[in-house]
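Report on the following structure.
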Amino acid sequence: MKHMTAFAALSAAALTAGAAWAEPQAEVLHWWTSGGEAKAVAVLQKQFSDRGGVWTDMPVAGGGGDAAMSALRARVLSGNAPTAVQLKGPAIQEWYDEGVLADISDVADAQGWADVLPAQIAEHMKCDGHWCAAPVNVHRVNWVWANKSILEANGIEMPTTWDEFNAAADKLKAAGITPLAHGGQAWQDATIFETVVLGIGGADFYQKALVDLDPDALSSDTMKSVFDEMRTLRGYVDDNFSGRDWNLATAMVMNGEAAFQIMGDWAKGEFLAAGKEPGVDFVCAPTPGDAGFLYNVDSFAMFKVDGEDKQDGQKLLAELIVGPSFQETFNLNKGSIPVRTDVSLDKFDDCAKKSAADMKADGEAGSLLPSMAHGMALHGAQSGAILDVVTAHFNSDMSSDDAVKMLADAVANSM
């Protein structure tokens with residue numbers, strides 16, 4: 001309570017300073033454009049408007065945010081940065097190093113963020129010890145989603161190992177059903193790749209290979225086995241996968257055109273937005289191996305802007321984003337779980353409850369790991385090098401031996 005009272009006083013002082021009161025302004029750049037994502041971001045827009053703010057929406061379509069980052073770069077170079085930008089992982093610190101991020105520590109301290117956010121995730125939100133971004137949620141990346149009716153009709157249980165997944169996929173393929181819904185985009189290929197790295201190699205191997213970029217791990221026999229499995233998975237996607245957006249792949253599972261999708265729990269937001277019910281219409285499980293928790297944390301960084309109205313808008317946005325009300329409502333729509341550890345999960349489904357329980361357990365076990373594919377683990381040059389190799393292998397007949405050598409070389413050359 002004392003945190004909220006302090007922040008209320010801080011906000012009141014900011015809003016009443018000067019002879020005239022100006023409405024808080026926020027131009028918000030993000031890439032939440034699919035059905036479930038748009039529904040989720042509308043929650044923040046409404047809360048911002050309800051508090052007297054004026055929201056200018058700047059959505060930039062393109063899964064993974066590559067197009068949004070290009071638009072951001074152009075805006076910053078022109079000296080006209082947006083008020084708030086969806087950023088995550090090391091990209092936050094990269095923009096801070098360019099001297100363009102605002103310090104929002106006054107809001108974080110007033111709200112007591114340090115007391116309610118997981119310590120590992122909180123560190124992603126800090127720049128030189130100061131708070132520079134507000135976390136929205138926690139997505140688990142290593143999920144398998146499945147059409148329940150298809151599995152039941154074919155006598156298939158959710159696979160717990162990659163061998164079980166392959167056996168199930170072979171059975172589905174023989175029955176004329178597309179086993180794996182997938183979109184042929186580099187970040188989607190990398191999403192599958194990192195779950196295979198985790199499932200085959202385990203948490204320690206994942207850390208060495210895709211976080212520490214250890215040369216021995218990158219060129220190991222274990223990594224060769226990863227590419228062997230990727231080649232097998234390539235045989236389970238349909239012929240029209242190239243360039244498909246992730247949410248269209250989710251729709252294939254939803255509509256009974258495919259059995260499985262390997263995708264983060266934003267896919268659940270699509271199921272929910274379409275009125276589908278977990279455990280009834282679709283089922284969820286950690287990707288085979290269940291060796292850890294790969295997290296992807298959406299967050300908003302506040303850029304340096306002129307004008308008290310925009311600066312007030314940033315403070316109001318930061319307050320709302322980490323506030324308990326938004327954390328609950330937003331994540332119910334988005335498919336993710338609250339980043340705050342004190343938000344009740346009573347209204348959340350069983351997939352979300354398992355995600356929260358696993359995040360806690362994996363955090364204690366040392367297997368809570370940042371997603372490489374989704375920009376949480378590496379700087380852009382290194383992750384880009386890995387994505388290039390993974391997608392080149394997935395879309396060709398490249399051998400696993402050649403892929404491992406190319407991966408090790410590409411990472412070394414990107415350093």
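Values reported hereafter were calculated over all heavy atoms of this structure, with side chains retained and with hydrogens, waters and symmetry mates removed.
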*Asp298/His30 under side chain to side chain donor-acceptor pair (under 3.5 Å): CA gap, chis, key distance, verdict*: CA-CA 10 Å; Asp298 288 310; His30 62 90; over 6 Å; no
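- When Leu407, Val196, Val197 are each tested for a side chain to side chain contact (heavy atoms under 4.5 Å, CB included) with Phe227, only one passes: Leu407.
- Within the model, atoms CD1 of Ile386 and CG of Leu213 stand 5.5 Å from one another, a figure rounded to the nearest 0.5 Å.
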*Does the side-chain contact (heavy atoms from CB on, under 4.5 Å) test come out yes or no for Arg340 and Leu117, once each step is laid out?*
CA-CA 5 Å; Arg340 291 181 66 118; Leu117 302 180; 4.3 Å; yes
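- Side-chain contact check for Val297 versus Val136: every heavy-atom pair is 4.5 Å or farther apart.
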*asked:* Test side chain to side chain donor-acceptor pair (under 3.5 Å) on Asp57 and Trp55; report intermediate values, then the result.
replied: CA-CA 6 Å; Asp57 205 35; Trp55 175 293; 3.0 Å; yes
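- Put simply, CG on Leu101 and SG on Cys132 are 5.5 Å apart, with the number rounded to the nearest 0.5 Å.
- Between Asp402 and Ser399, the side chains place a donor N or O and an acceptor N or O closer than 3.5 Å (distance only, hydrogens not considered).
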_Assess the residue pair Asp306 and Lys310 against the criterion (salt bridge (Lys or Arg N to Asp or Glu O under 4.0 Å)); give the C-alpha distance rounded to whole Å, side-chain angles, the decisive distance to 0.1 Å, and a yes or no._
CA-CA 7 Å; Asp306 294 325; Lys310 293 180 180 179; over 6 Å; no
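- Evaluation of the salt bridge (charged side-chain N to carboxylate O under 4.0 Å, His left out) rule for Lys39 yields no partner, not counting sequence neighbours.
- Neither side chain, Asn80 nor Ser78, offers a donor N or O lying under 3.5 Å from an acceptor on the other.
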*Take Asp204 and Lys208 through the salt bridge (Lys or Arg N to Asp or Glu O under 4.0 Å) test and state the conclusion after the steps.*
CA-CA 6 Å; Asp204 288 344; Lys208 290 177 182 177; over 6 Å; no
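- Side-chain contact, His393 with Arg231: a donor N or O sits under 3.5 Å from an acceptor N or O.
- The closest side-chain donor-acceptor pair between Thr232 and Asp228, if any, does not fall under 3.5 angstrom.
- Of the inter-residue distances, the one linking Met359 atom CE with Tyr295 atom OH reads 10.5 Å to the nearest 0.5 angstrom.
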*Quick one: do Asp103 and Ser105 satisfy side chain to side chain donor-acceptor pair (under 3.5 Å)? Show the steps, please.*
CA-CA 6 Å; Asp103 185 344; Ser105 295; 2.6 Å; yes
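- A pairwise comparison of heavy atoms in Pro278 and Cys351 identifies CB-SG, 4.4 Å as the closest pair.
- Applying the ring-ring contact (aromatic ring centres under 6.0 Å, His included) test to pairs two or more places apart or on separate chains, those with a residue in residues 78-100 are Trp95-Phe303.
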_Using the rule given for salt bridge (Lys or Arg N to Asp or Glu O under 4.0 Å), can you reason through Arg75 versus Glu27, listing the C-alpha separation, both sets of side-chain angles and the distance that settles it, and then say yes or no?_
CA-CA 12 Å; Arg75 287 287 301 271; Glu27 183 183 17; 2.7 Å; yes
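- Between the side chains of Ser371 and Asn296, no donor-acceptor pair of N or O atoms lies under 3.5 Å.
- For Asp281 and Lys148, the salt-bridge test fails: no basic side-chain N is under 4.0 Å from an acidic carboxylate O.
- At a cut-off of 3.5 Å, with distance as the only test, a side-chain donor of Asn166 or Glu229 sits close to an acceptor on the other residue.
- Going from atom OG1 of Thr341 over to atom NZ of Lys360 covers 10.0 Å, rounded to the nearest 0.5 Å.
- What you find for Thr83 and Gln314 is that their closest heavy atoms are O-NE2, 2.9 Å.
- When all heavy atoms of Gly183 and Asp189 are compared, the pair lying nearest together is O-OD1, 4.2 Å.
- With no hydrogens or angles considered, no side-chain donor-acceptor pair links His124 and Ser299 at under 3.5 Å.
- The side-chain hydrogen bond (donor to acceptor under 3.5 Å, both in side chains) check on Lys354 picks up Asp358, with sequence neighbours excluded.
- Scored by the ring pair (Phe, Tyr, Trp, His ring centres under 6.0 Å) test, Phe330 finds Trp32, Phe326 as partners (sequence neighbours excluded).
- Side-chain contact annotation: Asn137 with Ser336, donor-acceptor N/O pair under 3.5 Å present.
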*Which is it for Glu98 and Arg73 under the salt bridge (Lys or Arg N to Asp or Glu O under 4.0 Å) test, yes or no, and what are the steps along the way?*
CA-CA 11 Å; Glu98 296 193 26; Arg73 174 69 60 182; 3.2 Å; yes
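- With 3.5 Å as the limit, one finds no donor-acceptor pair spanning the side chains of Asn142 and Thr195.
- In this structure, Trp145 and Phe271 have tilted ring planes: the angle between them lies in the 30° to 60° band.
- Between the side chains of Ser34 and Glu270, a donor-acceptor pair is found at a separation under 3.5 Å.
- The environment of CG in Asp350 is sparse: at most 12 heavy-atom neighbours from other residues, nucleotides or ligands sit within 6.0 Å.
- Legend: salt bridge (charged side-chain N to carboxylate O under 4.0 Å, His left out) pairs involving residues 386-396, not counting sequence neighbours: none detected.
- Distance check: Thr160 OG1 to Met158 CE gives 10.5 Å after rounding to the nearest 0.5 Å.
- Rounding to the nearest 0.5 Å places CE of Met406 at 14.0 Å from CG of Leu218.
- No more than 12 heavy atoms of other residues, nucleotides or ligands shown are found within 6.0 angstrom of CG on Asp397.
- The two atoms that bring Ala273 and Gly35 nearest to each other are CB-C, 4.5 Å, heavy atoms only.
- In this structure, a donor-acceptor pair under 3.5 Å is absent between the side chains of Thr178 and Asp238.
- In Glu164, the CD atom is crowded: over 12 heavy atoms of neighbouring residues, nucleotides or ligands sit closer than 6.0 Å.
- Using a cut-off of 4.0 Å between Lys/Arg side-chain N and Asp/Glu carboxylate O, Asp409 and Lys405 are scored as salt-bridged.
- Closest approach of Cys127 and Ile92 over heavy atoms only: SG-CG2, 3.9 Å.
- A donor-acceptor contact under 3.5 angstrom links the side chains of Gln185 and Gln188, judged on distance only.
- Using a cut-off of 4.0 Å between Lys/Arg side-chain N and Asp/Glu carboxylate O, Arg140 and Asp290 are scored as salt-bridged.
- Residues satisfying the ring pair (Phe, Tyr, Trp, His ring centres under 6.0 Å) test with Phe165, not counting sequence neighbours, are Trp162, Phe260.
- When each of Val237, Ile262, Leu233 is paired with His182, the side chain to side chain contact (heavy atoms under 4.5 Å, CB included) condition holds for Val237 and for no other.
- Here the closest heavy-atom approach between residue Ala134 and residue Ile104 is recorded as N-CD1, 4.1 Å.
- Ion pairing between a basic and an acidic side chain is recognised when a charged N comes within 4.0 Å of a carboxylate O; Lys268 and Asp349 show such pairing.
- Within 6.0 Å of atom NZ in Lys353, more than 12 heavy atoms from other residues, nucleotides or ligands are found, so the atom counts as buried in its surroundings.
- A salt bridge links Arg51 to Glu319: one of the charged nitrogens lies within less than 4.0 Å of a carboxylate oxygen.
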